[in-house]
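Throughout, residue positions are numbered sequentially from 1 according to the sequence presented. A quick note: this is a predicted structure, and the numbers were derived from the prediction, not measured. Scope of the values below: all heavy atoms of this structure, side chains included, with no hydrogens, waters or symmetry mates.
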Amino acid sequence: MITKNVMTIALSGFLALPLMAQDEAPAVGDLLQGINMFTPAEGDPSYKVKAYEKFGTEWAVDAAYGLWNTEKVPGATRHTNLALIHAQLNQRLIEDNANGGTWLRVEFSGSWGLDRESAQSDTVFADMVGNATYAHADHWGPHEGVFPEVALMHYFAGKRACIIAGMVNLTNYFDAVSIANDSFAGFTNSGFINSTILPLPDSNAGAILQVELTRNSYAMVGVSRTGCSAGYNPFNSDFCDGYAVVGEYGRIMADGTVTLRINPFYTSADVDLDDGKGENRRQNAGLVGSIEYTPCDRLTVYSRAGFAAKQYLSNSAEFSVGANFKLIPSREDDFFGISYGVFKGQTPTENNREQVVEAMYSLQINDYVKVVPHIQYVANPAYSTADDAVIWGVQTVFSF
């Protein structure tokens, strides 16, 4: 079965092929199309081409109301009450049926506080209490509206290769664990949404090269500037003096039920470590891997692990495991999710490990609305001796 949840595809670059029926062979280009495009493949019997898609237009908009109770988070406000929006557009500029054509990609993401307390808070709605990570485009704070990606995408070599260049958002392509990357209707802790070790900046100048190696495997490499905050010129070297190189090898196995991803990376940036030496050029490298397994239509499990050679610019080690389970077989789009993660912090102290457990339930009301209650427990938050944190909330998600 090819997924019909366009929101999940749009938000996380969802690789739909692991959910295909075992007797359904992927076509040339399906792997890259699954990562880059926002609509299901036309081979899905339930999918009908819309009028605007005939002119090379793909879009997806997700809006949400989110309430997070952070009363039991040390140093945080009592709650975070936000309006959220995420939108993506693919517009074909040059049509080329044989190779895939040339496209313009635009992404918008924002969230705004709905009361005075939330508007003045710096708490992000994907409450990462402590685990280190880059700020990703789909979980901003209470007063942000930004364009994380404006880029050109060009397919070639008979749809077996693609290059994306401009202001890129690396979270749209790399480490796209399907049941963990959708922070609108999935896990909300940032330690589960993306790896806390991989350097995946957005709103920075960069490029990505993708190659479909076989019908069941692909490789990607992305190069991006770092350090440029959203809203600033990503080509200005005064703000963006570092860079990151991220790779990914992905392979579909066991008749489409298993997906393996391996991500090596290298970063170079000017960092001040408060060691009396001032700001100096620092390098870091590491490796992250993830695996997904769908033994049956009702259950998908995943695990992610990684390490970094140096203890700056990211966490030094991480491990997480989680599952989505459909409790009611007749409700195809409802599922219960649970995940656990442990993250080793940047400083070698006895308090440099944070543990997170999160549970959520996605209740699909109709084709356009779902309600997602969630709760997370954080032990050793922010790698300190502070009291453990409990965060709970609910999101109402509207998909168009």
Visitor: Among Val61, Val369, Ile365, whose side chain to side chain contact (heavy atoms under 4.5 Å, CB included) with Phe398 holds?
Guide: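 With Phe398 as partner, side chain to side chain contact (heavy atoms under 4.5 Å, CB included) holds for just one option, Val369.
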Visitor: Using a strict 4.0 Å threshold on nitrogen-to-oxygen distance, state whether Asp30 and Arg215 make a salt bridge.
Guide: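 Looking at Asp30 and Arg215, the cut-off is not met.
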Visitor: Could you work out, with salt bridge (charged side-chain N to carboxylate O under 4.0 Å, His left out) as the rule, every residue matching Asp96, not counting sequence neighbours?
Guide: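 Once residues adjacent in sequence are excluded, Asp96 has no partner under the salt bridge (charged side-chain N to carboxylate O under 4.0 Å, His left out) criterion.
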Visitor: Using a strict threshold of under 4.0 Å (side-chain N to carboxylate O), is an ion pair present between Arg261 and Glu292?
Guide: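 Salt bridge between Glu292 and Arg261, a charged N being under 4.0 Å from a carboxylate O: yes.
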Visitor: Does any donor atom in the side chain of Gln395 or His374 lie under 3.5 Å from an acceptor atom in the other side chain?
Guide: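 There is no such pair between these side chains.
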Visitor: Could you check whether any side-chain heavy atom of Val168 comes within less than 4.5 Å of a side-chain heavy atom of Asp202, counting everything from C-beta outward?
Guide: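 A side-chain contact under 4.5 Å is absent here.
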Visitor: Which residues pass the salt bridge (charged side-chain N to carboxylate O under 4.0 Å, His left out) test with Glu149, not counting sequence neighbours?
Guide: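 For Glu149, the residues satisfying salt bridge (charged side-chain N to carboxylate O under 4.0 Å, His left out) (neighbours in sequence not counted) are Arg105.
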Visitor: Not counting sequence neighbours, list each pair that qualifies as a salt bridge (charged side-chain N to carboxylate O under 4.0 Å, His left out) and has a residue in residues 185-201.
Guide: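 Residue pairs passing salt bridge (charged side-chain N to carboxylate O under 4.0 Å, His left out), neighbours aside: none found.
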Visitor: Would you call Asp334 and Lys326 a salt bridge, using N to O less than 4.0 angstrom?
Guide: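 Judged by the 4.0 Å cut-off on N to carboxylate O distance, Asp334 and Lys326 do not form a salt bridge.
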Visitor: In chain order, what residues pass the side chain to side chain contact (heavy atoms under 4.5 Å, CB included) check against Leu287, with sequence neighbours excluded?
Guide: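 Partners of Leu287 by the side chain to side chain contact (heavy atoms under 4.5 Å, CB included) criterion, ordered by chain and then number, come out as Ile262, Pro264, Phe307.
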Visitor: First locate atom CG of Leu260, then atom OG of Ser290, and finally report the distance between them rounded to the nearest 0.5 Å.
Guide: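 Output value for this atom pair is 7.0 Å.
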Visitor: List the residues meeting salt bridge (charged side-chain N to carboxylate O under 4.0 Å, His left out) with Arg298, not counting sequence neighbours, and say none if there are none.
Guide: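 Arg298 satisfies salt bridge (charged side-chain N to carboxylate O under 4.0 Å, His left out) with no other residue.
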Visitor: Go through the steps for Thr57 and Gln91 under the test side-chain hydrogen bond (donor to acceptor under 3.5 Å, both in side chains), then give the verdict.
Guide: CA-CA 5 Å; Thr57 303; Gln91 177 59 56; 2.6 Å; yes
Visitor: With a cut-off of 6.0 Å (strictly less than), are more than 12 heavy atoms of other residues, nucleotides or ligands near CZ of Phe325?
Guide: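 Atom CZ in Phe325 is crowded, with more than 12 foreign heavy atoms closer than 6.0 Å.
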Visitor: Is it the case that Thr294 and Thr257 place a side-chain donor and acceptor less than 3.5 Å from each other?
Guide: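 Note: Thr294 and Thr257 side chains miss the donor-acceptor criterion.
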Visitor: Ignoring hydrogens, what is the shortest heavy-atom contact between Thr196 and Gly191? Give both atom names and the distance.
Guide: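 For Thr196 versus Gly191, the nearest heavy atoms are CG2-CA, 3.6 Å.
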Visitor: List in chain and number order the residues that pass ring-ring contact (aromatic ring centres under 6.0 Å, His included) with Tyr377, two or more places apart in sequence or in another chain; answer none if no residue qualifies.
Guide: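 Not a single residue meets the ring-ring contact (aromatic ring centres under 6.0 Å, His included) criterion with Tyr377.
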